[in-house]
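One structure below.
Atoms within each ligand, like the ligands themselves, are counted from 1 in listed order.
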Amino acid sequence: MIVAKFGGTSVADAEAIGRLIEIIRSRAGCQPVVVVSALARVTDGLLTLARQCGSGDGDAIETSLDALLERHESAARELPGCSAAMDSIAADAAELRRDLMAARDRRLSPAELDGVAGRGELWSSRLVAAAMAGAGLDADWVDIRTILVTDGRFGRATPYIQVLNQRARVHLKPIAEAGRIPVTQGFIGATATGVPTTLGRGGSDFTAALLGAALDATRVEIWTDVDGLMTADPRIVPSARTLFAASYDEAAELATFGARILHPATALPLVRAGIPIVILNSRYPERSGTTIGPQPELERLGDSPIRSISWKQGITVVNIRAPRMLGTYGFLRALFEVFERHETVVDVLASGEVSISITIEDRSRLDQITRDLGELGEVWVEAGRAIIAIVGVGLRHTPGLAGRVFNAVWPANVEIISQGASAINMTFVVRQEDGPDVVRRLHQEFFGSC
Ligand code: ADP
Ligand code: ASP
Ligand code: MG
């Protein structure tokens, strides 16, 4: 059994869905389970739509929804066998329209927001399942919300793994074993009482990995719009090279620090069973892609001690200067309790004798955080920053790397530098506007091109 996940650009339109069908046909003997994202940019469109509630502008809501619907209609028109699926998408969109119009004068609750955001996957999976059947494949549409039960943290829900494992074996496995092809949704789930949730942006990769682990798949294929995990985001570094292999840890570090190609949690469910993730380009399925697994040494690293460089923008640095932290204990606990209380994830941390710098991405509770930290010391905040991460198992054995990094990125100012405990990553903070240039200069330094 394999799990094959197709991202937004790999189901963007009729042509892309046609390619998906041929890819799955070529894997029919492997008992594939298909997981799809929403059509490219549809989740963004749905979130825009949801934000239009509260503006009172009914026309804007109608226009946005019509545009999203038209994307699906145009794909359905070109794909044989999709008219009944399109009818059910249109009926669901009509219901959504009624709900949104009724809510046009108020802001949606987080639960309602998830109900809107998850529509894209429900619609795309209907289309894909119908198109597969229309092309002669025995596809069965499966509603993942009956399998992937989560807590009620809307927008970033956590799945209940044991429930998922048990239900995936009951509801998905028999379909695949009977020679049929289940087609289901990434990104979405539901609470135990059936309220729809989402796993966070880019969460379809995570769904695929969870199902891969639950079904004890031989591999999880992530079909996307590039050849694999690369030495940098090719949108920033056009000469970036595709990696033949990477370790789970490397992939997780890169994803955590901005490599959008994988959701940061993707590797997590697969580590224990050692199930590989293979990233592949749906436009060029014959290319070998990147295999992410437990054996990072598969690839010779050449001259470079690092595997890849990533960056994440929209970072805020919170600094605390507290002379009394010197020689006291309990200070760090008090400090972290503030972030915990306000449910804000800390990315990078660097500490000196009497000061600490912490980076966060989510600024929604920043006022409360700075107020509470003010009780511990002097606090100042720097916005508009980016984190750069250099990742590779080779970092473990490479002394003097920091000097090389500083030289390469000069004259950009490096603000916080930190090396992860796993010693396979080095991260630092720069001004956001310097980010892309810094990535290019590092790529030049470590891979000889930019
Ligand atoms: P999908 O819709 O298939 O999930 P995403 O847009 O989420 O695709 O992820 C693919 C994109 O990730 C690529 O188009 C690329 O621009 C970006 N990306 C960022 N970092 C990397 C990297 N190190 N290697 C490859 N792609 C990367
Ligand atoms: N469609 C969702 C998003 O755009 C999930 C995904 O693509 O992985 O975030
Ligand atoms: Mg993605």
Side-chain angles (χ1 to χ4, degrees), residues 4-12 16 19-20 23 35-48 68 71 113-114 116-125 144 148 155-157 184-189 197-210 220-244 246 250-266 277 279-283 287 289-290 292 306-313 388-392 425 435-436 439 442-443 446-447:
K5 174 259 172 179
F6 292 82
T9 44
S10 303
V11 290
R19 286 193 291 267
L20 174 155
I23 290 168
V35 175
V36 293
S37 293
L39 271 53
R41 298 178 308 283
V42 163
T43 311
D44 290 336
L46 287 164
L47 288 170
T48 305
L68 292 178
R71 294 269 314 280
L113 212 63
D114 267 7
V116 178
R119 251 30 190 242
E121 271 70 10
L122 290 167
W123 297 346
S124 65
S125 57
I144 197 74
L148 205 151
R156 48 182 167 156
T184 194
Q185 309 78 34
F187 180 55
I188 63 172
T197 54
T198 65
L199 306 181
R201 297 306 307 268
S204 296
D205 303 323
F206 187 35
T207 307
L210 289 165
V220 173
E221 295 182 344
I222 303 287
W223 291 92
T224 185
D225 61 350
V226 289
D227 284 351
L229 187 60
M230 304 176 85
T231 48
D233 184 345
R235 289 175 209 219
I236 305 278
V237 183
S239 69
R241 281 179 267 148
T242 307
L243 300 167
F244 170 68
E250 288 172 319
E253 295 286 356
L254 287 165
T256 302
F257 294 111
R260 202 184 59 216
I261 182 135
L262 272 188
H263 183 278
T266 311
I277 305 166
I279 305 181
L280 293 152
N281 189 335
S282 60
R283 281 180 185 276
R287 296 186 181 167
T290 305
I292 296 164
I306 72 170
R307 198 84 87 185
S308 183
I309 305 157
S310 63
W311 83 299
K312 183 153 98 171
Q313 49 186 325
I388 310 280
I390 297 175
V391 176
N425 77 332
V439 173
L442 287 167
H443 202 272
F446 290 104
F447 299 106

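- Closest protein heavy atom to atom 9 (O) of ligand 1: I261 CA, 3.5 Å.
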Are there any N/O pairs under 3.5 Å between ligand 2 and the protein, and if so, what are their distances?
residue: ligand 2; atom: 1 (N); partner: T43; partner atom: OG1; Å: 2.7
residue: ligand 2; atom: 1 (N); partner: E121; partner atom: OE2; Å: 2.6
residue: ligand 2; atom: 4 (O); partner: T43; partner atom: OG1; Å: 3.4
residue: ligand 2; atom: 4 (O); partner: R201; partner atom: NH2; Å: 2.9
residue: ligand 2; atom: 7 (O); partner: S37; partner atom: OG; Å: 3.2
residue: ligand 2; atom: 8 (O); partner: G202; partner atom: O; Å: 3.4
residue: ligand 2; atom: 8 (O); partner: G203; partner atom: N; Å: 3.4
residue: ligand 2; atom: 8 (O); partner: S204; partner atom: N; Å: 3.0
residue: ligand 2; atom: 8 (O); partner: S204; partner atom: OG; Å: 3.1
residue: ligand 2; atom: 9 (O); partner: R201; partner atom: NE; Å: 2.7
residue: ligand 2; atom: 9 (O); partner: R201; partner atom: NH2; Å: 3.4
residue: ligand 2; atom: 9 (O); partner: G202; partner atom: N; Å: 2.8

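- Between the choices N281, L254, D225, the shortest heavy-atom distance to atom 13 (C) of ligand 1 belongs to D225.
- Heavy atoms from both the backbone and the side chain of R260 come within less than 4.0 Å of ligand 1.
- Evaluation of the salt bridge (charged side-chain N to carboxylate O under 4.0 Å, His left out) rule for E221 yields R27, R219 as partners, not counting sequence neighbours.
- The pair R235-D225 counts as a salt bridge, with a side-chain nitrogen and a carboxylate oxygen less than 4.0 angstrom apart.
- For R241, there are no salt bridge (charged side-chain N to carboxylate O under 4.0 Å, His left out) partners two or more places apart in sequence or in a different chain.
- Judged by distance alone, the side chains of T197 and D114 never bring a donor and an acceptor atom under 3.5 Å apart.
- Residues forming a ring-ring contact (aromatic ring centres under 6.0 Å, His included) with F257 (at least two apart in sequence, or on another chain): none.
- For a threshold of 3.5 Å applied to N or O pairs, the pair formed by D205 and ligand 1 contains no separation below that value.
- Given atom 2 (O) of ligand 1, the protein heavy atom at minimum distance is G8 N, 3.1 Å.
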Do V35 and E121 pass the side-chain contact (heavy atoms from CB on, under 4.5 Å) test, and can you show the C-alpha distance, the side-chain angles, and the key distance before you say yes or no?
-> CA-CA 9 Å; V35 175; E121 271 70 10; over 6 Å; no

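- Regarding atom 3 (O) of ligand 1, its nearest protein heavy-atom neighbour is T224 OG1, 2.7 Å.
- Of all atoms in ligand 1, listed by their number and element, those nearer than 4.0 Å to a heavy atom of V226 are 13 (C), 14 (O), 25 (C), 26 (N).
- No salt bridge links D205 with R260; every basic N to acidic carboxylate O contact stays at or beyond 4.0 Å.
- The environment of R41 atom CZ is sparse: at most 12 non-hydrogen atoms of other residues, nucleotides or ligands sit within 6.0 angstrom.
- Shown in contact with A259 at under 4.0 Å from a heavy atom are these atoms of ligand 1, numbered in order with element: 19 (C), 20 (N).
- For ligand 1, one of its N or O atoms has an N or O atom of M230 under 3.5 Å away.
- Only the side chain of K5 comes within contact range of ligand 1, with a heavy atom under 4.0 Å; no backbone atom does.
- With respect to atom 25 (C) of ligand 1, the closest heavy atom belonging to the protein is G228 O, 3.3 Å.
- When all heavy atoms of T256 and P264 are compared, the closest pair comes out as OG1-CB, 3.9 Å.
- For atom 15 (C) of ligand 1, the closest heavy atom belonging to the protein is D233 OD1, 3.4 Å.
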Residues K5, T207; criterion side-chain contact (heavy atoms from CB on, under 4.5 Å); working and verdict | CA-CA 9 Å; K5 174 259 172 179; T207 307; over 6 Å; no

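- Heavy atoms of P234 found under 4.0 angstrom from ligand 1 belong exclusively to the side chain.
- No donor-acceptor distance shorter than 3.5 angstrom exists from the side chain of T198 to the backbone of F187, with no hydrogens or angles considered.
- Here the side chain of T290 pairs no donor or acceptor atom with the backbone of I279 at under 3.5 angstrom.
- Ligand 1 is never approached by A240 to a heavy-atom distance shorter than 4.0 Å.
- The main-chain N or O of A240 is never found under 3.5 Å from a side-chain atom of T231 such that the two would form a donor-acceptor pair.
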